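Reviewing the structure listed below.
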Amino acid sequence: MVEWTERRPPEGEYRMLDADGQLDGDPPELDDDELLAMYRTMVATRTLEDKMLNMQRSGEASLVARSRGEEATPLGCAAALAPDDWIFYTYRQNPALLYWEYPMAEIVAGDMGAEPQTVAEHLDTDEPDVNFSPDYTPVGVNTTNAVGMAMADKFNDNETVTMVFVGDGSTSEGSFHDAMNFAGVFEPPVVIVCQNNQWAISEPSHRQTGAETFAKKAEAYGVPHERVDGNDVFAVRETAEEAVERARNGDGPTFIECVTYRMEEHNTSDNPDVYRDDSEQRDEWEEKDPLARYETYLREEDVLDDDLADDVQADVDEQVSEAVAAAREVPDSEPERMFDYQIHDTPWNHAHQRAELEREQNGENPFTDFTGEGFDE
Amino acid sequence: MVEWTERRPPEGEYRMLDADGQLDGDPPELDDDELLAMYRTMVATRTLEDKMLNMQRSGEASLVARSRGEEATPLGCAAALAPDDWIFYTYRQNPALLYWEYPMAEIVAGDMGAEPQTVAEHLDTDEPDVNFSPDYTPVGVNTTNAVGMAMADKFNDNETVTMVFVGDGSTSEGSFHDAMNFAGVFEPPVVIVCQNNQWAISEPSHRQTGAETFAKKAEAYGVPHERVDGNDVFAVRETAEEAVERARNGDGPTFIECVTYRMEEHNTSDNPDVYRDDSEQRDEWEEKDPLARYETYLREEDVLDDDLADDVQADVDEQVSEAVAAAREVPDSEPERMFDYQIHDTPWNHAHQRAELEREQNGENPFTDFTGEGFDE
Amino acid sequence: MSETYPAPASDHDADETDEIDLVTAVNQTLDQEMARNDSVRLMGYDIGPIGGVYRATEGLLEEYGNERVIDTPLSENGIIGTAVGMAMAGERVVPEIQFMGFSYPAFGQIMYALVKMYDRTGGDIEVPLTVRMAYGGGVKALEYHQESTEAYYLHTPGIRVVCPSTPYQAKGLLTASIRHDDPVLFMEPKKIYRGGSQPVPTEEYTLPLDAARLVREGEDVTVLTWGAMVRHAVAASETVDADVEVVDIRSLSPLDVETILESVKKTGRCVVVHEARRTLGLGAELSALVNEYALDRLKAPVKRATGYDVHFPSHDIEDDYLPDEERAQYAIEAVMNYEF
Amino acid sequence: MSETYPAPASDHDADETDEIDLVTAVNQTLDQEMARNDSVRLMGYDIGPIGGVYRATEGLLEEYGNERVIDTPLSENGIIGTAVGMAMAGERVVPEIQFMGFSYPAFGQIMYALVKMYDRTGGDIEVPLTVRMAYGGGVKALEYHQESTEAYYLHTPGIRVVCPSTPYQAKGLLTASIRHDDPVLFMEPKKIYRGGSQPVPTEEYTLPLDAARLVREGEDVTVLTWGAMVRHAVAASETVDADVEVVDIRSLSPLDVETILESVKKTGRCVVVHEARRTLGLGAELSALVNEYALDRLKAPVKRATGYDVHFPSHDIEDDYLPDEERAQYAIEAVMNYEF
Ligand SMILES: Cc1ncc(C[n+]2csc(CCOP(=O)(O)OP(=O)(O)O)c2C)c(N)n1
Ligand SMILES: Cc1ncc(C[n+]2csc(CCOP(=O)(O)OP(=O)(O)O)c2C)c(N)n1
Ligand SMILES: [Mg+2]
Ligand SMILES: [Mg+2]
């Protein structure tokens, strides 16, 4: 078997919390509620993702991607935003969604494969305070859209900030280049976060780029950049907060590389044992686990103890159960829904094909119109 | 009228020959013949391009783009190559073609709008020692192809080097990003030259990128980079030679930014007075003219005098006249030729449409086949 | 659903008209829509100080400033991608792709963001962009400057495709496109940008985005066409020995199937004239629709007078590629002379 | 020109056969062609150690090393662009685009370099690339993982498009594609990658790249189809009350017009079955060709049993989008029951 040899990313990324949960420097200005909210988000992410993994295995969910071991990156970044800001995300940022109370049931139902409008109609959920783009399948695309949105905010003198996540692999796409280039030229209030988990499915990041670091990519565009330990939620949050503030003050874009590691499979259709021998790095990264590290800190600071941890877990378990139950209530979509949001109005071809589909559903022959005038024979 | 304000590119690019033609440092190791060959190329370029401009004005040529004031860049780079190397170029690198004795008549005939195979068949010209890609209309595309070609050379342990030219504006295209990124990862023997003439049609380079310099773009890809005075043929050549040598020795790609200035219109369908007031910069750049500068040097070194200059001009004039005369002999293509090189073989649709076209040419109705079996009624 | 044209001046009730050509109609429309709605913004390269390589955006930068007329880096994918983001933020962006043949680097953003966002969000997010593209041949430019590849976008859900054939159509259709909440690809027939002026109402007006237009009534044969080919179809109609109906498709996607079928059912014969390559050009769909829904009325096969299945050729033979009055005439005569 | 299939084992004179499925046939072919010709190189992301997300390139990296099986950065445009450059240098590159729906970011390089270089150089430079793309729906994957958008490439000159429907076809067509000097888009019907095995000659062999294949002879109606739909067409043929001829188009571009017309002229009726959206799907061209060249033989309009004009829907209703045996059957019955 041929496997990739892994390379360690260069040292030197910004870190506040060491692998043992010891803080270097000033404690962040976060009250206990906020500290616990972040803790809860990490716990909720793991619990939810593990549950979805099980649902996938039992055939209930179709494809599940987990962020295990990477939670501090999307969490710390998202926590730096304020209501009305925007987040453009991918399948790897559940902590960002959960931090802002994106309805869990929608995440689950989406993974069970229903049309978005079916989900929306059956789950009467609240909108989170922060705006979320949809999750797009094609990678890289959202970065350019996020920059465009921020350009509009700049032109309109809005105070909102747009944040977008991009994987290390996805920086190779042309849309990433465009996003960075337009960001450099128009200087809109956007924060572009590269969640560098060092793998893109089966490809290690040294096969994506010859750049010394991903952060350095920003040099090509005149965009300020930072590089941070993506498993250190304090360092991530502080860096993101500075970037968000800069953006909000009209000082333009920032590119942040968060260095982390994909501990698990790419998603449930992947088996990493085939292409990587991560035995060595895995242990190192296991030690840097963002939740363990953060939990140690919270316990040492007496923000968390066993009882509270149990409470949080129990609470999360209940939330996950409820979300799954609610998602299971979402029925399959009506087949005709596929015609609903192509364009506004119903042109002839849609009306006609919709009628065909309905006839097919009713066991009638859908091909009996030979005049273009419809089916009533 | 709204015009762009120009910004001066940052100083600090590598220079050997100052604006007065004075050499700083060691003279290049080039014998008089070679020095004169370069001189001749510059003269030939101006003479040819001015002639084509006239042909365009009189309706004989369709669209002419000139490299006036930028000649040292393509010339110095191309001169660094050796026979069997490859050059991927655009409409702005006539000096590279002429240096390697690309048939002038082909350049002229191409501009008069004939199909390439018609030109090839009617001008029985020699192949230049260096290989030239075709000139592609869509910008940026050739950079990726050039990197691919160099990858093949690397895999095959060939000694050839591939050089590709890209305009400052064209670095904004996704294909440029791909070229640089693949070059950084695979480290093939390629030299990517950005001919930064500071304009892309009506857009100044500060509207293309927020990067400090174009050279810096290479940082995003881990590709070594240089920045050089693009109007100084010695500096360009030396820099390119080093890059070519590195490539040939298996040490991978180089990105070279040559800083120059587009003195004239983008091409004959453009009128720069509408969008730029270049009165100030123009004078500065006029002073840095690559031909004047180089000519001063040659005269001071006694390589050139009035007589020799006259001889060169006379010789070039004759060559241009002959090229134009030859190009004028190239007939219009046979209309059917449009079907020739789509794919190998002649599928039904091509055979059928070709027959239609032939009938049309003969004044016969091309639409009388109602069986698909042909026209013989 | 169809509408006859040229409408007599009284038809549009316009007190005031301007005698303008097609590109000027585009320019005037952009100006009026920008004046009317602050969220209308133009994006593209070379649209600012230079006013577009065909001058379609001339004067607009001066009037509206560089946050409304946004000169961008040279990347079609970047233009569409950021324009979609601006639209998601509520703007009504009108990006320009300099030539239709340069839309291909943007195909990713077009497919993944532009045409899909509305569906992807279950109707939550609209992307009311109007992408202007100059298209078509006969201008002696190079390679991709001359193409008519609308078929790529006609096979694509989630975007409307519209093409005017006169200055009056251009203004009404462009106004309607900009105001519509769907993405619209607005094809501008550059060959006739300056191909003649006509009185166009000074006031703003819209034309329907889903209706073909009856250019000329006739009983014997229907010619389906659009854009710069309409003039050839009309010219051919006037010389052939048949009573020709000319339908300007105008809304290429969605198609006004009713008007098309009605006309062909009446005449029993059909010819399609288009610049695009024949195989899977829109003519294929039109012929298939006629076949499927009007077969029993057909007195002859549908003939397609189109470009050929080749890359757009070089200048010296471009006129041999492009359909013209003569080719349209041959096709009409062929179907008129057909006997079962 | 057409060829009947399934051929009896004796037909291919193969002493030795392997009982393999379609994706294994692809894998075996790549292996044999790489062994045979050192200039055959594979490119793509996730094709190396992992052997492709569908394992089509499994084992090849080990055998041929990373200069022959080249894992690339995650950029479709970069893959096609560098592959074209390698082809210009004389290599015979077989790039993989993981899913057809991810080919759009590469549309620029496909249009400008891949399909145009041969024409642009007046035949001087050949680009003998075979671009493999998994296509088609029914696998409960997201958005662009399920599309069949071959129409974009069928309207494009300078590239062949081929699609196998069985393991035997896959091997013969892929071998021929790799050896051919034109660019070929090789569509792999991923729904049937593991949809059944059949004996496939162990030896290398080629099948023609310009010939449709007669799957089943019949007198009453012709079904034109390809790829993963062939099985539905055949199943439908066996249940309807009519003598059905099934033609596997196989070579989507260029089309084997002779075989298609011959069949429809014989039967007088025609149905097209394809996964792609209907408007300007290949069915449109097939219907137009039949209309144009066999109208007087038609006993009924051509019907298209296809996907609908929408974005590929979500899992819960994907089966309602996709044509199947039932939809094919309805179409056959409709044209059989038609009376003028
Ligand atoms: C345009 C496009 N090409 C290919 C894919 C298939 N694909 C999905 S995820 C992925 C890897 C992405 O890696 P990375 O950006 O590092 O994100 P990660 O999964 O590590 O979070 C690939 C190749 C896709 N979704 N879109
Ligand atoms: C893909 C593509 N988009 C747009 C164009 C139109 N166009 C031709 S040249 C040009 C400007 C190129 O500027 P630059 O790269 O700086 O080169 P220069 O002309 O200055 O040498 C543009 C926009 C094109 N040829 N190809
Ligand atoms: Mg990754
Ligand atoms: Mg330039």
Side-chain angles (χ1 to χ4, degrees), chain B residues 1-4 62-63 110 112-116 118 136-141 167 169-175 200-203 207-209 269-272 274-276 331-342 347 349-350 353-354 356-357 359-361 364-370, chain C residues 45-53 55 58 61-62 65-66 69 71-78 98 101-102 104-105 108 140-145 271 278-279 300-301 303-306 308-321 326-327 329-335 337-338:
Chain B
M1 196 171 83
V2 192
E3 281 174 352
W4 289 107
S62 64
L63 194 77
M112 293 175 72
E115 286 280 344
T118 311
Y136 323 3
T137 307
V139 299
V141 176
S170 308
T171 62
S172 295
E173 290 283 356
S175 280
I201 309 187
S202 76
E203 305 219 7
R207 186 46 52 130
Q208 289 302 336
T209 182
S269 71
D270 177 45
N271 170 17
V274 178
Y275 54 81
R276 75 175 181 186
D332 280 355
S333 308
E334 294 300 317
E336 296 76 24
R337 302 306 295 263
M338 69 177 81
F339 292 99
D340 278 0
Y341 297 105
Q342 306 299 317
N349 61 331
H350 283 169
Q353 292 175 15
R354 196 183 179 114
E356 283 185 15
L357 176 57
R359 290 176 67 86
E360 202 176 274
Q361 302 282 319
E364 291 167 275
N365 193 314
F367 297 112
T368 55
D369 177 11
F370 292 100
Chain C
Y45 43 81
D46 302 314
I47 65 166
I50 197 180
V53 292
R55 306 296 179 265
E58 193 155 52
L61 172 64
E62 271 170 281
N66 65 15
V69 178
D71 253 338
T72 66
L74 174 40
S75 168
E76 297 77 12
N77 196 58
Q98 211 163 65
F102 293 149
Y104 314 140
K140 298 219 184 294
L142 293 167
E143 296 190 340
Y144 298 89
H145 294 82
V271 160
R278 184 174 303 159
T279 293
K303 279 287 173 185
R304 295 179 279 170
T306 66
Y308 301 112
D309 288 346
V310 299
H311 291 292
F312 203 95
S314 55
H315 309 159
D316 51 358
I317 54 175
E318 65 180 48
D319 290 340
D320 301 304
Y321 170 90
E326 189 196 24
R327 195 173 298 163
Q329 203 176 313
Y330 278 134
I332 295 168
E333 284 166 356
V335 302
N337 294 334
Y338 179 85

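Here the structure is a predicted model, which means the values were calculated and not measured. Chain letters run A, B, ... following the sequence lines, proteins first, then strands; residues in each count from 1.
Within the 4.5 angstrom heavy-atom criterion, only backbone atoms of C:R304 (N, CA, C, O) approach chain B. Residue C:Y104 does not touch chain B at all, counting heavy-atom pairs closer than 4.5 Å. Neither the backbone nor the side chain of C:A300 comes within contact range of chain B; no heavy atom of the residue lies under 4.5 Å from a heavy atom of that chain. Only the side chain of B:Q361 comes within contact range of chain C, judged by heavy atoms closer than 4.5 Å. In this structure, chain C has a heavy atom under 4.5 Å from the side chain of B:V139, while its backbone stays farther away. Looking at C:Q329, there are no atoms closer than 4.5 Å to chain B (heavy atoms on both sides), in backbone or side chain.
Ion pair B:E356/C:K303 not flagged as a salt bridge, since none of the NZ, NE, NH1 or NH2 atoms sits closer than 4.0 Å to an Asp/Glu carboxylate oxygen.
Going from atom CD of C:E326 over to atom CD of B:E360 covers 5.0 Å, rounded to the nearest 0.5 Å. Atoms CG and CD1, on B:L357 and C:I317 in that order, are 8.5 Å from each other to the nearest 0.5 Å.
Chain C forms the most heavy-atom pairs under 4.5 Å with one residue out of B:T118, B:T137, B:D332, and that residue is B:T137. Contacts with chain B were tallied for C:T72, C:D319, C:T306, C:V53; C:T72 has the most, counting heavy-atom pairs under 4.5 Å. When the candidates C:G108, C:G101, C:A334, C:A305 are compared by the number of heavy-atom contacts under 4.5 Å with chain B, C:A334 comes out ahead. Most heavy-atom pairs under 4.5 Å with chain B: of the set C:T279, C:N77, C:D320, C:V271, this distinction falls to C:D320. Ranking C:Y144, C:Y45, C:F102, C:Y338 against chain B, the residue ahead of the rest is C:Y338, based on heavy-atom pairs under 4.5 Å. Looking only at heavy-atom pairs under 4.5 Å with chain C, the residue among B:S269, B:G113, B:P116 that has the most is B:G113. If you tally non-hydrogen atom pairs under 4.5 Å between each of C:H145, C:R278, C:K140, C:E318 and chain B, the highest count goes to C:R278. For the set C:I50, C:D71, C:L61, C:N66, the count of heavy-atom pairs under 4.5 angstrom toward chain B peaks at C:D71.
With hydrogens and angles ignored, the 3.5 Å screen pairs a side-chain donor or acceptor of B:Q353 with a backbone N or O of C:D309. Although no hydrogens or angles enter the test, the distance criterion places a donor-acceptor pair under 3.5 Å between the side chain of B:Q208 and the main chain of C:L74.
Contact annotation: the side chain of C:E333 never approaches that of B:F367 to less than 4.5 Å [non-hydrogen atoms, C-beta and beyond].
Closest of all the heavy-atom pairs between B:R207 and C:P73 is O-CG, 3.4 Å. Across every non-hydrogen atom of B:S333 and C:D316, the tightest pair is OG-OD2, 2.7 Å. Here the closest non-hydrogen pair linking C:S314 and B:A114 is OG-C, 3.5 Å. Across all their heavy atoms, C:P49 and B:W4 have their closest contact at CG-NE1, 3.2 Å.
Residue B:E334 places its CD atom among 12 or fewer non-hydrogen atoms of other residues, nucleotides or ligands, all under 6.0 Å distant.
None of B:M338, B:H350, B:R354 except one satisfies the side-chain contact (heavy atoms from CB on, under 4.5 Å) rule with C:Y308; the exception is B:M338.
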